[in-house]
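Only one structure is covered here, and it is reproduced in the block below.
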There are 2 protein chains.
Amino acid sequence: MIFMKTELETKRELSVQIADAIRNAIINGTLIVDERLPSEAELSDKFNVSRPTVREALKRLAAQNLIRTMRGATGGAFVNRLRFEDAYGQQITTSTLLLSMNEVDFETACEARFTLERACAPLSAKRRTGEHLATMRAEIHRQSQSGLSDEAFCASDVAFHRALVDGAGNPVLSYQLAGAVEAIEPLMNMITFSARSREQIVALHTEIADAIEAGAADQAEAALKALEKYTVALAHDVAARRRD
Amino acid sequence: MIFMKTELETKRELSVQIADAIRNAIINGTLIVDERLPSEAELSDKFNVSRPTVREALKRLAAQNLIRTMRGATGGAFVNRLRFEDAYGQQITTSTLLLSMNEVDFETACEARFTLERACAPLSAKRRTGEHLATMRAEIHRQSQSGLSDEAFCASDVAFHRALVDGAGNPVLSYQLAGAVEAIEPLMNMITFSARSREQIVALHTEIADAIEAGAADQAEAALKALEKYTVALAHDVAARRRD
DNA sequence: ACAGCTTCAATTGTCTGACAAATGATTTTT
DNA sequence: AAAAATCATTTGTCAGACAATTGAAGCTGT
């Protein structure tokens, strides 16, 4: 069995130590994907702690998506295959909180997001499929409809940019960018988009989609740069109006 | 008080529902940084569950760095200010597991990493401080010493590239890149670096540092591109030799 | 032999009640 | 006034119990 009857350190909480031990076993490959961990009763034996303590440790791991648990005779805790989609959620929550709690100003967040996104543009121009293009066009169309709430407009904006990033065909990039693109949405939601500014954004989105379709990386990067500049300017306007 | 005596849904586990409720309160600002949550006893009352169940919920949140707990008369659970440094660790663990569990090939991971890193180069060329440069030079020096283990060489490589990224002076970028740069290290560790290839890498690092120092963004990007190409080639050699 | 039903055993989910350990506040003592 | 002892509160840990779930095993009727 994986875990010897080992005595743990003192000082730190037992559930933390146990969670660490299991996490390390997962990371270094001692426990492999879909492998079943010992039952809670067995683990309490192995680590010489009570079942509630073991459970707290397992809940810590579950919160990180490292294990899943199921009840029943064949149930138990299993090492989870961490999927990109699952990781998106964590990434977005963490990034959102980081921005809101550390009072990152809009400009900094915007710079990070567009810097990373521009980096994806050349790959996307080369590799995007028809589906990516279709999504981008569809979102542009949605954005140009009147009567769209600011939230819906922002959500569509996110969808547009994710299609652009996904077009690069690199899941690692998509994962990394998920945080950057989505975390900024709450900040964007503070902006009120006038008909005039929506029009401008739609025009830039169209320019981007055209460039991606044509395989014109430079053009896409330039349009993204213009979009960043315009977005920051909009945010400044809002801030200025707030001060009045 | 924040949480009304609310009845929860059925089906999903209670500790998950409670954790979600508190997490949402943190995200939407109902609970602010450093605010103290009700004691475990109070929470069990509020949610009509037992204390172990409340504790499992709190441990889930603690695993995500959303709260910290302290014992004693004035202790309790407090909303944690999520710091960038704390988030680095999570990001790296998650990214590492994503790569190893999803069998992302080296080339894809490498492409993502260098694509993002190249995006940081222009900003770093503009804003890097003397300290960033000094770190880069020091790591280059370390890398050129003989008798360095492959692991130490890789670790120094990571430190070099982090200094480059940090030079951009955008904490959001640094955070995002931490995962990309560090997660690839385990994959890099499978490469055996010959004296010849170390020499080559050191030369490219020097080229990068020179370009950053001179504010020459294009040159830095070109050198990074060359480094990516060389790294991928090295990995291919290793794979080819393995097949023999 | 096979399909459907019942029973069973293992496992997680939840509860109760208790005690230990830590720790700031309070009181007492010097 | 300073130091020491005490206290109250809160988290950490434990033991034991029962409920709920669920696949497996066994049984039954055809």
Side-chain angles (χ1 to χ4, degrees), chain A residues 1-3 5-22 26 31 34-80, chain B residues 1-3 5-22 26 31 34-80:
Chain A
M1 181 32 56
I2 308 301
F3 305 104
K5 208 155 189 170
T6 174
E7 60 256 24
L8 305 164
E9 330 152 20
T10 52
K11 271 296 143 210
R12 269 159 71 235
E13 297 159 28
L14 294 173
S15 68
V16 174
Q17 297 175 50
I18 293 168
D20 285 349
I22 299 177
I26 295 176
L31 286 167
D34 290 337
E35 184 169 342
R36 184 178 173 282
L37 275 77
S39 71
E40 294 174 355
E42 288 175 280
L43 285 173
S44 1
D45 264 7
K46 296 249 161 59
F47 288 107
N48 273 308
V49 299
S50 66
R51 194 156 83 94
T53 303
V54 167
R55 283 182 60 81
E56 288 180 11
L58 293 179
K59 294 320 159 200
R60 295 183 118 103
L61 298 174
Q64 297 179 306
N65 262 305
L66 294 181
I67 61 170
R68 60 181 185 280
T69 58
M70 279 167 330
R71 296 208 237 193
T74 60
F78 298 83
V79 177
N80 220 1
Chain B
M1 181 33 55
I2 308 298
F3 305 104
K5 208 156 186 167
T6 173
E7 62 255 21
L8 305 164
E9 332 153 17
T10 53
K11 273 296 145 210
R12 267 157 74 234
E13 296 160 28
L14 294 173
S15 68
V16 174
Q17 298 175 48
I18 293 167
D20 285 348
I22 299 176
I26 294 176
L31 287 167
D34 290 336
E35 183 170 341
R36 184 177 173 284
L37 275 74
S39 72
E40 295 174 355
E42 290 175 279
L43 286 173
S44 2
D45 264 8
K46 297 249 161 59
F47 287 108
N48 272 309
V49 298
S50 66
R51 192 157 83 95
T53 302
V54 167
R55 282 181 62 80
E56 287 181 11
L58 293 178
K59 293 318 157 201
R60 295 185 120 101
L61 298 173
Q64 297 179 305
N65 261 306
L66 294 181
I67 60 170
R68 60 180 184 280
T69 57
M70 278 166 332
R71 297 207 235 192
T74 58
F78 298 83
V79 177
N80 220 3

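The shown structure was predicted, so the numbers you read here are calculated from the model rather than taken from an experiment.
When the side-chain nitrogen and oxygen atoms of B:Thr69 are compared with OP1 and OP2 of D:dT10, none of them lie within a distance under 4.0 Å. Contact check, A:Arg36 against C:dT11: a side-chain N or O comes under 4.0 Å of OP1 or OP2. For B:Arg55, a side-chain nitrogen or oxygen approaches OP1 or OP2 of D:dG12 to under 4.0 Å. Between B:Thr74 and C:dG24 there is no side-chain polar atom (N or O) within less than 4.0 angstrom of OP1 or OP2.
B:Glu56 places its CD atom 14 Å from the C1' atom of D:dG12, with the value rounded to the nearest Å. Taking atom CD1 of B:Ile18 as the reference point, atom C1' of C:dT14 lies 11 Å away to the nearest angstrom. At whole-Å resolution of the value, CG in A:Asn48 and C1' in D:dG12 are 17 Å apart. Here C:dT14 presents its P atom at 14 Å from CZ of B:Phe47, a figure rounded to the nearest Å. Between the P atom of D:dT10 and the CZ atom of B:Arg51 lies a distance of 11 Å, rounded to the nearest Å. At whole-Å resolution of the value, CG in A:Leu61 and P in C:dT12 are 14 Å apart. Between B:Leu37 atom CG and D:dT10 atom P the separation is 13 Å, expressed in whole Å. Put simply, CD on A:Glu40 is 10 Å from P on C:dT11, counting in whole angstrom units.
Side-chain atoms of A:Arg36 do not come within 3.5 Å of backbone N or O of A:Ala77 as any donor-acceptor pair. Side-chain N or O atoms of A:Arg68 include one that pairs as donor or acceptor with a backbone N or O of A:Val79 at under 3.5 Å.
Comparing B:Ala73 and A:Ala77 by the nucleotide of DNA chain C that holds the closest heavy atom to each, the one mapping nearer the 5' end is A:Ala77. Each of A:Arg71 and A:Pro52 was matched to the nucleotide of DNA chain D holding its nearest heavy atom; the match closer to the 5' end belongs to A:Pro52.
With distances taken from any side-chain atom of A:Glu13 to the nucleotides D:dT10, D:dG12, C:dT12, the minimum falls on D:dG12. Set against D:dT13, C:dT14, C:dG13, the side chain of B:Thr53 has C:dT14 as its closest nucleotide. Counting only heavy atoms from C-beta on, A:Ser50 has its side chain closest to D:dA15 among D:dT10, D:dA15, C:dG13.
Closest non-hydrogen pair, A:Gln17 versus A:Arg12, comes out as NE2-O, 2.6 Å.
Annotation: side chain of A:Ile22 is in contact with side chain of A:Leu58 (closest heavy-atom distance under 4.5 Å).
The line from CZ of B:Arg55 to CD1 of B:Ile18 is 13.5 Å long, rounded to the nearest 0.5 Å.
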